Peer 1: 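Please read through the structure below; I'll follow up with questions.
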Amino acid sequence: MLDPALDRLIRDLPKVELHLHIEGTLEPEMVFQLAARHGVALPYPSVEALRAAYDFTDLQSFLDIYYAGCDVLRDEDDFHAMTMAYFRRAHADRVVHAEIFFDPQTHTARGVAMATVIGGIRRAMADAERELGVTSRLILCFLRHLSEADAEATLDAALPFKDQLAGVGLDSGERGNPPGKFARVFARARAAGLRPVAHAGEEGPAAYIHEALDVLRVVRIDHGVRCDEDDALVERLAVDRVPLTVCPLSNVKLRVYPRMEDHNLARLLARGVCVTVNSDDPAYFGGYMVDNYRAVCAALPIGRPQLVQLAHNAVEASWLPAARKAELDAQILAVAAA
Ligand code: HPA
Ligand code: ZN
């Protein structure tokens with residue numbers, strides 16, 4: 001049982017979420033709702049049967065189901081409904097700012113236009129800011145199992161909307177798809193003013209983290225937990241304060257770690273690495289932000305000072321303006337002192 005005072009602190013802390021795939025927030029109930037709206041036949045008889053299929057053995061076993069689920073996203077209202085449902089749920093966890101990923105290739109390959117995808121998500125972002133006070137940024141992710149030419153075409157299709165995008169990322173199956181495969185498209189995205197991030201060191205080796213930093217020039221590493229296989233790399237991340245957007249429940253669900261007790265989050269935090277807690281694909285991995293904070297707190301040597309540090313780290317790692325960061329840091333300190 002979690003100490004009730006820590007539980008309250010977890011609930012009350014203003015949180016910033018930096019690693020969230022919007023398609024990974026599609027709950028089974030909404031999959032069925034959208035399927036009914038569009039007359040799509042699903043290979044599962046019920047919401048419960050679909051949820052029961054979320055029993056993953058590794059990253060690829062998850063990705064297969066995750067991409068299949070996206071098939072119900074057909075029009076702008078679908079993207080709006082999915083994104084708005086995420087913001088409402090995140091707001092309930094006291095998420096005040098989110099920098100969210102989307103995977104356009106999953107949709108454009110099915111004939112859904114880039115404008116439809118971005119339009120629906122951006123409309124929800126505006127509604128969430130107005131109705132809930134939750135601010136956000138949008139990050140376009142390239143699917144690394146596809147070619148760089150495919151990523152180049154995706155960037156071309158997205159550039160007319162670049163004012164609505166804050167950055168580019170790299171996701172999907174990591175093994176055998178090193179960051180260097182996307183050197184040119186990332187260079188072009190950076191030149192267009194988009195901030196680069198990349199998933200690295202989730203299932204892939206520590207060398208992929210070096211490569212993401214040196215070749216793609218990323219400003220944050222998504223996951224990055226396998227950095228601890230290379231002590232010099234951990235030192236580099238700590239000294240340079242390169243943020244890692246860690247996703248604890250995801251890591252256990254996809255068997256990066258057998259148990260939460262084995263997770264290195266607390267050790268990396270103690271080494272001075274700018275680690276943050278995030279939910280990745282919460283509809284699939286059994287929890288949103290509060291659930292992730294609670295899970296690490298229950299399993300690892302993480303108490304009040306570490307929770308407060310994690311909250312500050314996420315503010316530091318965000319792309320918010322300095323004044324807003326100072327405001328959130330002050331709110332965190334006020335909650336910590338209460
Ligand atoms: N890793 C790689 N690709 C992904 C993930 C992830 O955790 N979630 C959605 N796409
Ligand atoms: Zn991810």
Side-chain angles (χ1 to χ4, degrees), residues 16-27 31 54 56-71 73 79 82-83 86 90 98-109 117 121 137-146 150-151 154 167-179 181-182 196-205 208-209 211-212 216 218-227 243-257 263 265 275-289 291-292 295 314 317:
V16 169
E17 171 135 78
L18 303 174
H19 186 153
L20 183 280
H21 302 266
I22 197 62
E23 295 91 345
T25 69
L26 199 52
E27 292 285 347
V31 171
Y54 295 176
F56 313 114
T57 51
D58 59 7
L59 175 58
Q60 193 57 52
S61 67
F62 154 69
L63 290 171
D64 292 341
I65 284 205
Y66 163 84
Y67 294 131
C70 289
D71 186 42
L73 297 163
F79 287 92
M82 170 178 69
T83 307
Y86 162 70
E99 297 180 3
I100 65 186
F101 299 127
F102 73 117
D103 286 340
Q105 286 154 296
T106 308
H107 313 301
T108 53
V117 180
I121 297 172
R137 301 279 187 278
L138 187 57
I139 304 171
L140 180 155
C141 271
F142 301 114
L143 298 181
R144 70 201 304 158
H145 69 275
L146 301 177
D150 207 311
T154 303
V168 291
L170 189 63
D171 65 359
S172 190
E174 188 179 4
R175 286 202 192 106
N177 296 303
K181 178 176 166 185
F182 298 93
V197 297
H199 283 52
E202 177 188 20
E203 282 195 345
Y208 282 15
I209 299 174
E211 203 173 304
L216 303 186
V218 299
V219 296
R220 290 198 297 244
I221 296 284
D222 298 311
H223 292 296
V225 290
R226 284 189 61 188
C227 66
L244 302 188
T245 63
V246 177
C247 307
L249 286 173
S250 164
N251 290 155
V252 175
K253 267 283 187 188
L254 300 187
R255 306 195 190 174
V256 175
Y257 295 100
H263 203 289
L265 180 83
V275 286
T276 63
V277 169
N278 307 274
S279 69
D280 206 3
D281 302 281
Y284 293 90
F285 299 148
Y288 286 78
M289 282 289 266
D291 305 306
N292 273 276

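Keep in mind it's a predicted model, so treat the numbers as computed, not measured. Whatever order the structure lists them in is the order used to number ligands and atoms, beginning at 1.
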Peer 1: I'd like to know whether ligand 1 has Ser172 as a neighbour, heavy-atom separation below 4.0 Å.
Peer 2: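 Yes, Ser172 has heavy atoms under 4.0 Å from ligand 1.
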Peer 1: Is the contact between Leu63 and ligand 1 made by the side chain, the backbone, both, or neither, using heavy atoms and a 4.0 Å cut-off?
Peer 2: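 For Leu63, only side-chain atoms sit under 4.0 Å from ligand 1.
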Peer 1: Give me the residue, atom name and distance of the protein heavy atom closest to atom 7 (O) of ligand 1.
Peer 2: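 I find the closest protein heavy atom is Asp280 OD2, 2.8 Å.
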Peer 1: Does ligand 1 have an atom that lies less than 4.0 angstrom from a heavy atom of Phe101?
Peer 2: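 No heavy atom of Phe101 comes that close to ligand 1.
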Peer 1: Any donor-acceptor pair under 3.5 Å linking the side chain of Asp222 with the backbone of Thr245?
Peer 2: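 Checking the backbone N and O of Thr245 against the side chain of Asp222, no donor-acceptor pair under 3.5 Å is found.
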Peer 1: Using heavy atoms and a 4.0 Å limit, tell me yes or no: is Asp222 in contact with ligand 1?
Peer 2: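 No, Asp222 has no heavy atom closer than 4.0 Å to ligand 1.
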Peer 1: Going by the atom numbers of ligand 1, which of them fall below 4.0 Å from some non-hydrogen atom of Phe62?
Peer 2: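 Taking each heavy atom of Phe62 in turn, ligand 1 has 8 (N), 9 (C) under 4.0 Å.
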Peer 1: Are Phe79 and His107 close enough that their ring centres sit under 6.0 Å apart?
Peer 2: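 That pair passes the under 6.0 Å test.
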Peer 1: Is it true that a side-chain atom of Glu174 and a backbone atom of Glu203 form a donor plus acceptor pair closer than 3.5 Å?
Peer 2: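 Checking the backbone N and O of Glu203 against the side chain of Glu174, a donor-acceptor pair under 3.5 Å is found.
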Peer 1: Any donor and acceptor pair, going by atom type alone, linking the side chain of Glu202 with main-chain N or O of His223 inside 3.5 Å?
Peer 2: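 A pair under 3.5 Å: no.
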Peer 1: Starting from atom 8 (N) of ligand 1, which protein heavy atom do you reach first, and at what distance in Å?
Peer 2: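 Protein heavy atom at minimum distance: Asp281 OD2, 2.7 Å.
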Peer 1: Does only the side chain of His223 get under 4.0 Å from ligand 1, or the backbone, or both, or neither? Count heavy atoms.
Peer 2: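 Only the side chain of His223 comes within reach of ligand 1.
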Peer 1: Does Glu203 reach ligand 1, in the sense of a heavy atom lying below 4.0 Å from it?
Peer 2: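 Glu203 does not count as a contact of ligand 1 under the 4.0 Å cut-off.
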Peer 1: Does any N or O in the side chain of Asp71 come within less than 3.5 Å of the main-chain N or O of Ala68, such that one atom is a donor and the other an acceptor?
Peer 2: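 Not confirmed, Asp71 side chain does not pair with Ala68 backbone.
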Peer 1: So, does Asn278 use its side chain to make a donor-acceptor pair with the main chain of Leu18 at under 3.5 Å?
Peer 2: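 Yes: the side chain of Asn278 pairs with the backbone of Leu18.
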Peer 1: How are the rings of Tyr284 and Tyr54 set relative to one another: parallel (under 30°), tilted (30 to 60°) or perpendicular (over 60°)?
Peer 2: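 Tilted.
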Peer 1: Any atoms of ligand 1 less than 4.0 Å from a non-hydrogen atom of His199? List them with their elements.
Peer 2: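 So the answer, numbered in order with elements, is 1 (N), 2 (C), 6 (C).
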Peer 1: Quick one: which ligand 1 atoms are inside 4.0 Å of a heavy atom on Tyr66?
Peer 2: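 Under 4.0 Å from Tyr66, ligand 1 has these atoms: 9 (C), 10 (N).
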Peer 1: Do the ring planes of Tyr257 and His263 sit parallel (below 30°), tilted (30 to 60°) or perpendicular (above 60°)?
Peer 2: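 Rings of Tyr257 and His263: tilted, 30 to 60°.
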Peer 1: Which pair of heavy atoms, one from Gly176 and one from Tyr208, lies closest together, and at what distance?
Peer 2: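 Heavy atoms only, the tightest pair is N-OH, 3.4 Å.
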Peer 1: Walk me through whether Ser172 and Tyr67 qualify under side-chain hydrogen bond (donor to acceptor under 3.5 Å, both in side chains).
Peer 2: CA-CA 10 Å; Ser172 190; Tyr67 294 131; 3.0 Å; yes
Peer 1: Between Thr276 (side chain) and Leu244 (backbone), is there a donor-acceptor pair under 3.5 Å?
Peer 2: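 Here the side-chain-to-backbone pair exists.
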Peer 1: Considering Glu23, Gln60, His145, Glu202, which one's heavy-atom position lies nearest to atom 1 (N) of ligand 1?
Peer 2: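 The nearest heavy atom belongs to Glu202.
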Peer 1: What I want to know is whether Tyr67 and ligand 1 share at least one N or O pair that is separated by under 3.5 angstrom.
Peer 2: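 In fact, backbone or side chain, Tyr67 has no N or O that close.
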Peer 1: Under 2.8 Å from the Zn ion (ligand 2), which protein N, O or S atoms are there? Could you list them by chain and number?
Peer 2: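 Hits for the Zn ion (ligand 2) below 2.8 Å: His19 NE2, His21 NE2, His199 NE2, Asp280 OD1.
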Peer 1: Ignoring hydrogens and geometry, is there a side-chain-to-backbone donor-acceptor pair from Lys181 to Arg144 under 3.5 Å?
Peer 2: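 Here the side-chain-to-backbone pair exists.
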Peer 1: With respect to His21, determine whether any N or O atom, backbone or side chain, lies less than 3.5 Å from an N or O atom of ligand 1.
Peer 2: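 It does: an N or O of His21 is found under 3.5 Å from an N or O of ligand 1.
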Peer 1: Answer yes if the ring centres of Phe101 and His199 are under 6.0 angstrom apart, and no otherwise.
Peer 2: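 When the ring centroids of Phe101 and His199 are compared, they turn out to be within the sub-6.0 Å range.
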